[in-house]
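To start, the structure under review is shown below, and the notes come after it.
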Amino acid sequence: MEDADLLTEGEEGEFKMKVKKKAWPEFFSRVKSGKKKYEFRVADFKIKKNDILVLEEFDPNKKSYTERKLNKKVGNITYFNPFKFNSAK
C-alpha cells in the first residue's frame, strides 16, 4: 500500500484512515464469508469508528502475503485492560 493510500475521503468530506493489518488464511476466509464480524487486536495502533481496516491475507507457512485483500469499515471499538478484565473488585 502506498503512503498516499493511507487516507481516504469519506462521504461527507471527512478523511478516514486506512489501517493495514495481516490476517491468516483461516481468519481472512471467515471475514470474507461474513461468518466473522468482529476482530480482537492488541491496541498497538490508532483506529477509530468509520476508518477502513485493510486486511491482507498472510500465509504463515510460506511467510508471505497472498494477493487477497479486504477493506472493511470499522464499527464499534471497545478498549479493555486484560489485567483488569476478570479481577474481583
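A search for side chain to side chain donor-acceptor pair (under 3.5 Å) contacts involving Arg68 returns Ser29, Glu57, not counting sequence neighbours. For the side-chain contact (heavy atoms from CB on, under 4.5 Å) test, residues two or more places apart in sequence or in another chain that qualify with Phe45 are Val19, Lys21, Arg41, Ile47. Considering only residues two or more places apart in sequence or on other chains, Lys49 meets the side chain to side chain donor-acceptor pair (under 3.5 Å) condition with none of them. Lys48 meets the salt bridge (Lys or Arg N to Asp or Glu O under 4.0 Å) test with Asp51; sequence neighbours excluded. In this structure, Lys22 has no side chain to side chain donor-acceptor pair (under 3.5 Å) partners at least two apart in sequence or on a different chain. Among residues two or more places apart in sequence or in another chain, the salt bridge (Lys or Arg N to Asp or Glu O under 4.0 Å) test is passed with Lys36 by Glu39.
To the nearest 0.5 Å, atom CD of residue Glu56 and atom NZ of residue Lys69 are 4.5 Å apart.
Within the structure, the ring pair (Phe, Tyr, Trp, His ring centres under 6.0 Å) test picks out the following pairs touching residues 17-38 (sequence neighbours left out): Tyr38-Phe40. Sequence neighbours left out, the pairs with a member in residues 46-78 that pass ring pair (Phe, Tyr, Trp, His ring centres under 6.0 Å) are Phe58-Tyr65.
Of all the heavy atoms in Lys73 and Ile52, the pair that sits closest is CA-CD1, 4.2 Å.
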Inset, instruction - In sequence, state the C-alpha distance, the side-chain angles, and the governing distance for Leu70 and Val31, and then conclude on side-chain contact (heavy atoms from CB on, under 4.5 Å). - result: CA-CA 9 Å; Leu70 285 174; Val31 172; 3.7 Å; yes

